[in-house]
Amino acid sequence: MKNYKTNNLITLLGLASILLLLAYYYHSTNKFSPKILNNEFQNISLKDDSRANSNSLDHTFLTDEIIGNSKDVKVEKNQKSIGKNSWYQYFPQAKILNVTVETSEDNNFLKSTLLESNFKFPYVQIDEIIDSESENNNQFKAYIANQVLVEIKPNINDENITQLIQSSGGTVLEKIGLNGFLVQWPLDGINTVRNIEAELSQYSDKILVVEPNYFVFESLSPNDPKFSTQWALNVDNTTTGEIGINAEAAWDTRTDAENVIVAIIDSGIRYTHNDIKDNMWTNLNEIPNNQIDDDNNGFVDDYYGYDFINNDSDPNDDRKHGTSIAGIIGARGNNDYGMTGICWKVKLMALKFLDNLGKGVSSDAIKCIDYAQAHGAHVTNNSWGGMGFAQSLFNAVQRNRDVGIPFIVASGNDGADIDVVDQYPAKYDLNNVITVGNLDYFEKPRPSSNFGKTSVDLFAPGRSVLSLDIDNDDDFILITGTSIATAQVSGVMALLIAEYPNETMAWRINRIFEATIPSPDLTDKCVTGGYLRLRRALTGLIPATISTPPTTVTQIEGYNFNFSMTVNGDGPFTYQWMKNGVPIPNATQATLQVDEVAQASLAKYTLQVTSRVNNVTSAETELLLQTVSSSYKSWIEEHFNTTEIESGIALLNNDPDMDGFSNNQEFALVTIPNKISTKPFLKIESNQQNTQIKFNRQKNESSIQYVLESSTNFSQWDSLNLTTDYTIVGNTGIGATAEEAQVQISPELNSNAARYFRLKVVVP
C-alpha cells in the first residue's frame, strides 16, 4: 500500500492483562519463624512501583517474652535487595495494606504482602519465597487473603458443615464441585488464611481439605519445543541482541485465526507435515481422490487447493519455499511438537504455481489469485515477483482489492532500490498491496533486501528463520529472504482479521503500519520507516502516560538532583522538561539533572511527552531545599564513599539493606546503611523492681525524635516521647558519634503480666 498516512484514525484497545502461567507454588504454614519485621505501608499504589517515602515510618520490633524475663529484642536476618516483584503486573492498581518478612531455619525468607485490589474478591495475599544466597524472588503464589476452599469427607451433612463454619465466624459463599465449599471470613490481617487453616484443622474428622483460594495465571508461551529458537517471534533478546515481532505479548490477546483463510500462492505446501496438517484449508464441497468435480468449480479433486503449474489437484511442495512460508504463518501452536506459527490455528490454502526450480508465469499467478478469491480467502501471501509491469496481473490484484483481500508481497532479494527499478507485483500502486523488506537480527535491513522509500511499506524479520522442510513430515529448516519477512506480515494480518472481523481491509492495513517501530536505518528504506510489531498491531498503540511524581521533593543543599519520570505506552516518545512553564534548553530526555541544588533551583518542574497517539504533561513537582548538619553530610559521604551524591533526599529515604530502616533512621540509630543491622536497637533489662529500655542514638543531633511505645495487646499503644526523657549511660563502641540511652520504666508499667515495646525514629 503506497498511500500510507500517519494521521489515519486508529482504534485503541486495552492490552489484555493475563500473562505467564505460574509454574511453581510453595505453601508451608509452619516452616517460618514468627519473629518478623513488620513494615506497614498504607495506600501505596503499585503503579508507582515504590516503597513508602516517609521519614517517620513505624518500624516495629516486638518482644516475644513477658516483661519479667530479661531478653534482647533482636532483628532476624532480613531479606536483601530483591528488585521488582514479578506479581506487580497482575495487580497494577492495588494498595499495599501490610508487608511482612519471615525468616526460616535455612535462612531463606517468606515475604508476604497483603493487598486491596479491584478484583471481585478485593483482598489478595502474595507470598514470595526469596533465596538468601541467590536473592531470587521469582517464586510466588497469590491467593484471596480471607478465603479458603473446604472439601468435606463423604457422608458428612452439608448443613452441619455450614453451621460449623458459621460458628467460627465464616460464611459459605458457594458450593464448589461435589463436596467442596468456598468459604470467606472477615479479614484479620496478613495471617487470616493461616488462622483459618488452624481453626478448621480441629475438625479433621469431617474435613478432608482446607486450602487457599489460589490465583492461577494463564501463560501464552507455546509449549512447542523449537519455540525458543524462533527469534523472529520474540522481542529484544538480551542474550543475542536479536529482535522479533513481539508475538508472545500479542498472544495474550489472540492466538488463533481458525476461521481465517490464508492463500499461500507459491510452490505448494507439504500438507502432510505433522506441524501443519491440522491447519490446512480443505474444500468441504469436494470429495478427495474420486476423480469427480463434486462442486462444479472446474477443478477435479481440489481438496487442499490446486497445482496450477502441473494442472492437477495435488499442490504438494517440491521446492521447500511454500512450505516454509506456511510454517511461519500457521505451524500448529501449543501442540507440544515442533515450532509455532504466528497463528496457532488458521486455514492455509495451498495454491501452487512455482515449479521445483522456483519459477512460474503470471498467467498461473492470476489463476491462483482468482481461485483464492472464489474460495473465500481472506488474505493472500505472495513471496515472489521480479517481472515488469503486467496489467492482467494488476487487474487480478485489483479484483482482490475490490472485495477486501490484502495482497502481501515480497520486495525481492536484489539489494536494489525498487523506487527506480522494476519489481512487480511489489510496486503495484494499489491500496491492498503491502510490500515487505527483510530485517536482520539487529533492527537493520538485510543488504540483500530490496528497499524503496515509496515502494516498500515496512520491514519484518527474515534472516535464518525457523520453519518447515519438505524432506519428510518431521523436518525443519532455517530460511532467509524477503519471502520469509512477507510471511510474518501475512500471519499478523490473519490475526487482525480474526480479532476485528467487522473492520475494513484499509483499517487493518493502516493498523499494521501505525504499529511499526521507527528505525533510523529504515527512514529512507520504506514508507513507514519502521518494522513489524504484532502486539502493537493487535491491541492498538497504548497512549503515553507519566508516572505521577510527588507534588514536592526535597533535596539536600549543594547536592545534585535527578528528576526521573517513568513513561509508559507505545513510543517513540519525545521529551521536553519545563521549569515554571518555560522549556529548559536541551532538556529533552526522560531524566533531568539539576546540578548543585541551591535557591535558584527552586521551582516547579514538569515533563511534556509526545507520542504517536497523544501528548501528555506530568503533574508539577516542586523542588525544595533541606539543610542538614555537618555530621549528617559527613556520614553520607563516609558510608557512600562519595562526595558527589546525585540523589540526595531520595538516597536518605532508601533502605539498601532492606532491614526496615531508611538511611535517615540508620543515621539516627548509628548503623551502617548498606549492611543488614545485627546489633539490637532495643534492649530490655529487668528485675522484679525495675525495668530499663536501652537504645543507640546519635550524639548532638537534637532534631531527631525517639518515641517509645508500649502495649499489652498490640491494638492499643501508649507513647512515651524520649526526646528528653532518657539518660545517657555510655558509648556503644560503634563510633565516636554514638551513645547509648536508657529509659526507666515506671513500676505501674512493670506490674503488667506481659508488655511489648517498639521504637519509632523520626528524622526531619
Side-chain angles (χ1 to χ4, degrees), residues 44-45 47-55 81 83-84 236 238 518 520 544-611 614-658 662-664 666-667 673-674 763-764:
I44 307 297
S45 173
K47 186 176 181 181
D48 298 333
D49 190 21
S50 62
R51 301 182 64 200
N53 185 17
S54 168
N55 291 336
S81 178
K84 184 175 180 178
D236 298 334
T238 56
T545 58
I546 306 174
S547 62
T548 303
T551 56
T552 60
V553 293
T554 306
Q555 172 65 354
I556 299 176
E557 185 177 11
Y559 286 117
N560 299 339
F561 185 81
N562 280 325
F563 284 103
S564 183
M565 303 292 186
T566 299
V567 180
N568 298 309
D570 286 326
F573 304 118
T574 59
Y575 306 96
Q576 178 61 62
W577 281 93
M578 315 286 285
K579 181 179 179 181
N580 290 331
V582 178
I584 303 172
N586 302 316
T588 56
Q589 303 297 322
T591 60
L592 172 69
Q593 179 169 301
V594 181
D595 295 330
E596 297 181 358
V597 172
Q599 193 67 33
S601 311
L602 305 188
K604 293 182 178 179
Y605 294 83
T606 55
L607 174 64
Q608 292 181 349
V609 177
T610 302
S611 73
N614 66 327
N615 301 327
V616 62
T617 301
S618 71
E620 289 185 341
T621 301
E622 186 173 7
L623 179 59
L624 304 178
L625 279 180
Q626 177 177 347
T627 302
V628 299
S629 67
S630 59
S631 62
Y632 211 158
K633 279 191 175 183
S634 298
W635 181 85
I636 296 170
E637 292 165 2
E638 172 190 355
H639 287 293
F640 294 95
N641 196 29
T642 180
T643 58
E644 296 295 330
I645 298 173
E646 298 180 356
S647 53
I649 287 297
L651 176 72
L652 296 179
N653 287 334
N654 243 351
D655 181 11
D657 58 3
M658 295 292 290
S662 69
N663 290 331
N664 265 313
E666 297 273 14
F667 168 75
N674 53 7
V763 184

Gln576 and Thr588 have their tightest heavy-atom pair at OE1-CG2, 3.7 Å
Quick one: do Met565 and Tyr605 satisfy side-chain contact (heavy atoms from CB on, under 4.5 Å)? Show the steps, please. CA-CA 11 Å; Met565 303 292 186; Tyr605 294 83; over 6 Å; no
Note: Ile546 and Thr617 closest approach over all heavy atoms is CD1-C, 4.0 Å
When rounded to the nearest 0.5 angstrom, what is the spacing between NZ in Lys579 and CG in Leu602? 8.5 Å
All heavy atoms of Ala587 vs all of Leu592, minimum pair found to be CB-CD1, 3.9 Å
Distance check, rounded to the nearest 0.5 Å: Ser618 atom OG versus Met578 atom CE? 10.5 Å
4.5 Å side-chain heavy-atom contact, Val594 and Trp577: no
Under 3.5 Å: donor-acceptor pair, side chain of Ser611, backbone of Gly571: no
Considering residues at least two apart in sequence or located in another chain, which fulfil the salt bridge (Lys or Arg N to Asp or Glu O under 4.0 Å) criterion with Glu620? Lys604
Other residues, nucleotides and ligands only: do more than 12 of their heavy atoms fall within 6.0 Å of CD on Glu596? no
Which atom names give the shortest non-hydrogen contact between Leu625 and Gln599, and what distance separates them? CD1-N, 3.9 Å
Nearest heavy-atom approach of Asp595 to Asn560 is CA-OD1, 3.3 Å
Verdict with reasoning, Val616 to Thr545, per side-chain contact (heavy atoms from CB on, under 4.5 Å): CA-CA 7 Å; Val616 62; Thr545 58; 5.9 Å; no
Testing the basics here: between Asn614 and Ala544, what is the closest heavy-atom pair and its distance to 0.1 Å? OD1-N, 2.9 Å
So, applying side-chain contact (heavy atoms from CB on, under 4.5 Å) with Leu623, which one of Thr552, Thr554, Val553 is it? Val553
Taking the ring centre of each residue, are Phe563 and Phe561 less than 6.0 Å apart? yes
Can you tell me how far CD of Gln608 sits from OG1 of Thr574, rounded to the nearest 0.5 angstrom? 9.5 Å
